[in-house]
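Structure record follows, encoded as structure tokens.
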Amino acid sequence: MNGEMEATTQVQVWAQDDLLKLLEAMKVALPQKDLTKYKTSESHLDWQKVAFNSYTAEMCKQKWQEVSKEIRKFRTLTELIVDAQDYIKNPYKGKKIKKHPDFPKKPLTPYFRFFMEKRAKYAKLHPEMSNLDLTKILSKKYRELPDKKKKKYVDDFLRDKESFVISMMKFREEHPDLVESMTKKGSNVPEKPKTPQQLWYNHEKKAFLKTHPDATTKDIKDSLGKQWTQLSDKKRLKWIGKSLEQRKLYEGTMREYIQQHPELNMTQNDIVKSTLTKAERHLKDKSDGRPDKPPPNGYSMFCAELMSNMKDVPSTERMVMCSQRWKLLKQAEKDGYQKRCEQRKKEYEIEMNRFLSSLSEEEQQRVLSEEKIGFRRGAGANSPASKKKNTKAKANPEKPKRPISAMFIFSEEKRPKLQQERPDLSDSELTRLLARMWNELPDKKKEKYKRLETVLKAESEKKEKEDRSRLPDPPKTAQDIWQQSVIGDYLARFKNDRQKAQKAMEATWSTMEKKEKIMWIKKAAEDQKRYERDLCEMRSPAATIASGKKMKFEGEPKKPPSNGYQKFSQEMLSNGELNHLPMKERMTEIGSRWQRLPLKNKDNYKKIAEEKQRQYKVQLEQWLASLSSQERNTYKEYNSQVSQLFHSSDDDDDEEDDDEAEDKENKSEESSSESNSQGSSDSDSD
């Protein structure tokens, strides 16, 4: 019985009206605001509601999956149904017209007829040959074929072409809608302007075919391919001018075409904006009188002048030599270069204004935008802010990331669902809502996320230990550093023969004078210092102290708040009530709330803090007892280092918090006496 049912669903033929009814039923079943991905909507769609007449829910679903294969995805299901309706009404629209059963086939060309006739014969004669080699032989044979024998294939082609034209006219009469859609954006659209290289290639191709009539496209490309790059600037400018003339004509005709055909929904953005490459544009501007940009400073001018006479010197050594010679110059000579540079900048501004006045408004905007981009790039690269960023980025690229907290794991899990439910909320509002949800979450449910946090924390600590155990890179010698900087040039000289390059480098290093080696010796000394510094940081816990963050020992109990104010501020920060305020404003708000708090409440917070301190001391003693003597000594030594460092610095955050807390408590408790209140206010101001 089931087999019969399956057979009927497969054999069932859907009429076009039934297919359109199916799509309408799907449209009705979908929600009004369909904003989810089409796959999600498809999986949640109630196909029982879609079913109609003799078509079951399963049959409707199967048919939809067949139809959806023919249309573009990555949109909502509502949008897909609109496309599906168009496809069902006209399945052979656009490029699919050639798949239409009535569409006539194009006739085979004379060469292809010859190829199809002779291929089997030549394949038997030369079984070892590949298809490509066979094609080459047959194309050569066809070219060598006399006109009398070629006539047979040409006549067959012309006869088939006539019948193709007749059948094509018949197809157009029978299917006018399809032909309209095919020619809607067709040959009426103005031809795009050609690039200078294309114009030159077409011109040279005609000249080449006159001298070589039997040449193939490959032969033409091989002979003309490299000639464009070797062309002189004068000749290239001729073709650039022709290309620009073509583009102007094209723009005019294209604007007229867009006005005449509003149904095509074409805009000004569809017009080709430029036919020139950056190099061609620069060459055109230079010929029109665009001045060359001056160097930014005196040192750059000095380097540019010096490098013009250093063509034989390897690129890696040029800048080194420039900097060395610059250092040898007297201050008066350096000032002279700077003055010349300033003078050149003034001249450049005058020349640039003269050049801009000769251009149209569009061209002026283009040139000015190029100038701004260049300026921004230069400023961004040399600005002190970018240098600081670069040094920070390079400081420690393999630094392990902090483990994610339990609240963060919870928020990452819930955020996507909340974004779907509340699309009107911004990212910051979502974060506040998630923080509130986390605070309201019962402890039992929080345990799951805390467990994940401990696992991630353990993994990060393990990785940190492994990183610490690794020794830093050994220091390099002056010779090694020099060889590293010049190895590229030596390998190029000896055609990538590393042994010969190495011997040559060793020979040049041994013949080098001490003056030339000084720079590399200094670099080696710096590398030695780097190695010693890294080694010290690895062996001692000073690195963590210097960073301003106290190192956390495994199993060490968390330090509780030292007084009532700290406990109160901790509570206020954790409940998320003041999350909408910046950190500085939060702390001032907490301070003002603490001052307004009654004495009874302050005493309660104080008692809680004292109780927490007692518990902490007990836990700390128990933890210290569980440690080995060596671990206990390292912990005490570390704490003594921390206390020395943190007592000496005035910017320590923890001590400031403690002082502020004590001051605020004193201020609130001793407000009865004027003298005491003045003292507390003084401490506050400090």
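Every value quoted in this text rests on a predicted model; they were computed, and no experiment measured them.
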Looking at OG of Ser485 and CD of Gln483, how far apart are the two atoms once the value is rounded to the nearest 0.5 Å? 9.0 Å

More than 12 non-hydrogen atoms from neighbouring residues, nucleotides or ligands closer than 6.0 Å to CE on Met116, yes or no? no

When you compare the side chain of Met319 with that of Met307, does any pair of heavy atoms fall below 4.5 Å? yes

Say whether, by atom type as modelled, one donor and one acceptor occur between the side chain of Arg113 and the main chain of Leu108 under 3.5 angstrom. yes

Glu305 side chain near Arg340 side chain, heavy-atom distance below 4.5 Å: yes

Under 3.5 Å, is there a donor-acceptor pair between the Glu506 and Gln479 side chains? no

Using 30° and 60° as the class limits, which term best fits the ring planes of Trp482 and Trp509: parallel, tilted or perpendicular? tilted

Donor-acceptor pair, side chain of Ser223 and main chain of Asp219, under 3.5 angstrom: yes

Can you tell me if Met512 has over 12 outside heavy atoms packed within less than 6.0 Å of its CE? yes

Please report the closest heavy-atom contact between Thr277 and Glu280, naming both atoms and the distance. N-OE1, 3.1 Å

NZ (Lys150) with more than 12 external heavy atoms under 6.0 Å: yes

Let's go through Lys206 and Asn202 carefully: what are the C-alpha distance in whole Å and the side-chain angles of both, what is the deciding distance for side chain to side chain contact (heavy atoms under 4.5 Å, CB included) to 0.1 Å, and is it a yes or a no? CA-CA 7 Å; Lys206 285 174 187 174; Asn202 291 342; 5.6 Å; no

Taking NZ in Lys345 as the centre, count heavy atoms belonging to other residues, nucleotides or ligands within less than 6.0 Å. Is the count above 12? yes

Working to the nearest 0.5 Å, report the span between CD1 of Ile481 and NZ of Lys476. 7.0 Å

Aromatic ring pairing Trp200/Trp228, orientation class (parallel under 30°, perpendicular over 60°, tilted between): tilted

Audit row: Glu351, Arg354, side chain to side chain contact (heavy atoms under 4.5 Å, CB included) steps and yes/no: CA-CA 5 Å; Glu351 287 169 18; Arg354 198 184 297 144; 4.3 Å; yes

Before you tell me yes or no, could you show the steps for Asp156 and Arg159 under salt bridge (Lys or Arg N to Asp or Glu O under 4.0 Å), namely the whole-Å CA-CA distance, both residues' side-chain angles and the distance that decides it to 0.1 Å? CA-CA 5 Å; Asp156 289 347; Arg159 189 179 58 251; 3.0 Å; yes

Looking at Trp520, does the NZ or CZ of Lys517 lie under 6.0 angstrom from its six-membered ring centre and within 45 degrees of the ring axis? no

How close do Tyr201 and Ile220 get, counting heavy atoms only, and between which atoms? OH-CG2, 3.5 Å

Gln338 versus Gly298, closest heavy-atom pair with distance: OE1-N, 2.9 Å

When rounded to the nearest 0.5 Å, the distance separating NE2 of His203 from CG of Leu224 is 11.5 Å

Parallel, tilted or perpendicular for His126 and Tyr122, by the 30°/60° rule? parallel

Once the angle between the rings of Trp326 and Tyr299 is folded into 0 to 90°, is it parallel (under 30°), tilted (30 to 60°) or perpendicular (over 60°)? perpendicular

Derivation and outcome, side chain to side chain contact (heavy atoms under 4.5 Å, CB included), residues Lys161 and Lys106: CA-CA 8 Å; Lys161 194 180 179 182; Lys106 274 190 176 183; over 6 Å; no

Does one side chain, of Thr275 or Tyr250, offer a donor that lies under 3.5 Å from an acceptor on the other? no

Smallest separation among heavy atoms of Phe355 and Asp285, with atom names: CE1-O, 3.8 Å

Scanning both residues in full, the closest heavy-atom pair of Lys284 with Ile240 reads CD-CG2, 3.7 Å

Verdict with supporting geometry, Ser300 and Asn297, side-chain hydrogen bond (donor to acceptor under 3.5 Å, both in side chains): CA-CA 5 Å; Ser300 298; Asn297 49 49; 2.8 Å; yes

I'd like to know whether CZ of Phe112 has more than 12 heavy-atom contacts from other residues, nucleotides or ligands below 6.0 angstrom. no

Does Gln331 form a side-chain hydrogen bond (donor to acceptor under 3.5 Å, both in side chains) with Asp335? I'd like the steps, not just the answer. CA-CA 6 Å; Gln331 191 59 44; Asp335 292 341; 3.2 Å; yes

Going by the angle between their ring planes, with limits at 30° and 60°, are Phe494 and Tyr490 parallel, tilted or perpendicular? parallel

Kindly give the heavy-atom pair with the smallest separation between Phe157 and Thr109, and that separation in Å. CD1-CA, 3.9 Å

Full working for side chain to side chain contact (heavy atoms under 4.5 Å, CB included) between Leu244 and Leu276: CA-CA 8 Å; Leu244 289 169; Leu276 307 184; 4.0 Å; yes

When rounded to the nearest 0.5 angstrom, what distance separates CE in Met352 from NZ in Lys293? 8.5 Å

Could you check whether any side-chain heavy atom of Phe302 comes within less than 4.5 Å of a side-chain heavy atom of Arg325, counting everything from C-beta outward? yes

So, Arg530 and Asp527, do they make that salt bridge, N to O below 4.0 Å? yes

At what distance, to the nearest 0.5 angstrom, does CZ of Phe115 lie from OG1 of Thr135? 4.0 Å

Might you confirm whether atom CG of Asp147 has over 12 heavy atoms from other residues, nucleotides or ligands at distances under 6.0 Å? no

Does Gln246 reach the main-chain N or O of Pro193 with its side chain, forming a donor-acceptor pair under 3.5 Å? no

How many angstroms lie between CG in Leu359 and CG in Asp288, if you round to the nearest 0.5 Å? 7.0 Å

Are Lys121 and Leu138 side-chain neighbours, meaning at least one heavy-atom pair lies under 4.5 Å? no

